[in-house]
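In this text the structure is predicted, and so the values were computed from the model without any measurement. A, B, ... follow the sequence lines: proteins, then strands. Residue 1 opens every chain.
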There are 2 protein chains.
Amino acid sequence: MFAVSAEETLRRTQAERTAQSDALMLQSAIRLIVARGTAGTHLKDVGESAGYSRGLASYRFGNKAGLFTFIVHSVGDDWLRELSAAVREKNGLPAILAATDAHYRFVVEAADRIRAFYILWFDSIGPDTGLKNVIANVHQRRRADVEAWIRAGITSGNVRSDVDVRSIAEQFCASIIGIVYQWLLISRVEKHIFELHEGLKRQMISALALNSNKS
Amino acid sequence: MFAVSAEETLRRTQAERTAQSDALMLQSAIRLIVARGTAGTHLKDVGESAGYSRGLASYRFGNKAGLFTFIVHSVGDDWLRELSAAVREKNGLPAILAATDAHYRFVVEAADRIRAFYILWFDSIGPDTGLKNVIANVHQRRRADVEAWIRAGITSGNVRSDVDVRSIAEQFCASIIGIVYQWLLISRVEKHIFELHEGLKRQMISALALNSNKS
DNA sequence: GGGCATTTACTTGTTGCAAACAAGTAATAT
DNA sequence: ATATTACTTGTTTGCAACAAGTAAATGCCC
């Protein structure tokens, strides 16, 4: 029997099936989070608006925390990859300035996935949602990257050697968080957020550049 | 009939009754938010753990958003009052440094109310929870205060006159938000958060002080 | 390669619980 | 004594969570 025409075409492996339903539900969830917030995003809706049954999201992710963790992982990994592509082999101050520019670009692109990602980011602040650990890790990785850039800049001589690396890296990450917060709070973006990123760059230059007025 | 002995002692006005139940439920809600997060805080529990019925919180605040708005108003007003007391008649750089120190003190005191306040602050980031507007207003007021300090510092001559006031004020507020975020994320506070505040002060000094290396 | 057992993907049925509101009772005010 | 305000209890609705079912894909022995 090789006359199974129609059925043959829509036969997919199990891996493909889950990959597809994961992807569709991811998209749906992102749209819902951006539109209604985390509290207004119901697992039921996630499954149904992805074209499946009301129960699939529950079954796949277990609960809301599981769904949110999945989203943060998916988007966060992409994001970190794109960021390190933007920085490439740079180090020291150029790396930090490139990262800041890249961040600005991500934010003004205003892709729903970035917005949803950061909504979840801030949402996870409460106590012991497994999500909190995931995000704390992303945060640590980010800070470690910045520290590495600064240290590399010191050895290659484009950053002055008397800075407190850890402290500057934390300051940088804290500023990014603050900028993102403002972006999510007031939706009219553009110029405003641009200025915040430019200010952050100036601040990093004055903290790290060689020709500084360190008394 | 003036033999109403016992009853006479516990007679309160209606205003006193609501004031007391408001206060008790406020405390309960703060404890619950810190312990279980916003999603895990049920109106039912707020009423009951304050010594009332399961329905009172619903009745008084309407819904969860109403409760959260009430908390942000209560704590936020106290907070702004304490902050402006710490700054007093200072202006310019001294005002900003004093505000930063005061903020550090509030945070390390780690009073539950501050923690709950900021948890709600970050929680309100999603779309159009009436709470978002409340918090956007607090945020605006805060930024306006900082701008006013800087401007006053310029006229009284302790801040250099070529700074972009608005931009610096936003940078400052963004940094504060970022610091608070880190505080909520990693609970071991002390030294770490202290350093972040000190770094912010240094940054503001380099942005605003008169004897600067503006090329 | 074809048919049967196993595993994996997804759906539907059910329970429990909280939010929201309605209708009641108790306390204070006029 | 009546009206108003504070609070409680009853009821509905809707989602999350899980259990038990069906459908699709895979492994296996021939």
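The interatomic distance linking B/F61 (CZ) with C/dA19 (P) rounds to 13 Å, in whole Å. With rounding to whole Å, A/R60 atom CZ is found 13 Å from C/dT8 atom P. In this structure, A/R11 places its CZ atom 14 Å from P of C/dA9, rounding to the nearest Å. Rounded to a whole Å, the CG atom of B/L43 is 17 Å from the P atom of C/dC17.
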Would B/Y181 and A/F122 count as a ring-ring contact (aromatic ring centres under 6.0 Å, His included) if you check the C-alpha gap in whole Å, the side-chain angles of each, and the deciding distance to 0.1 Å? CA-CA 8 Å; B/Y181 177 83; A/F122 285 119; 5.7 Å; yes
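Comment: A/R202 does not engage A/E198 in a salt bridge, judged by the lack of any side-chain N to carboxylate O separation of less than 4.0 angstrom.
When each of B/Y59 and B/R54 is assigned the nucleotide of DNA chain D bearing its nearest heavy atom, the one mapping closer to the 5' terminus is B/Y59. Checking B/H42 against B/R17, the closest nucleotide of DNA chain C that is more toward the 5' end is the one next to B/H42. Each of A/G55 and A/K44 was assigned the nucleotide of DNA chain D with the nearest heavy atom; the assignment lying further toward the 5' end belongs to A/K44.
When DNA chain D is scanned 5' to 3' for any atom under 4.0 Å from a heavy atom of chain B, the first and last hits are D/dT5 to D/dT11.
No side-chain heavy atom of B/M204 sits under 4.5 Å from any side-chain heavy atom of B/T100. Side-chain contact between B/V75 and B/I30: present, with at least one pair of heavy atoms (C-beta onward) separated by less than 4.5 Å.
Between the side chains of A/Q14 and A/R17, a donor-acceptor pair is found at a separation under 3.5 Å.
Looking at heavy-atom distances under 4.0 Å, B/R12 makes contact with sugar-phosphate atoms alone, never a base.
Considering only side-chain atoms of B/Q14, the nucleotide from C/dA29, C/dA9, C/dG13 that sits closest is C/dA29.
Looking at A/K90, its side chain never comes within 3.5 Å of a backbone N or O of A/L97 through a donor-acceptor pair.
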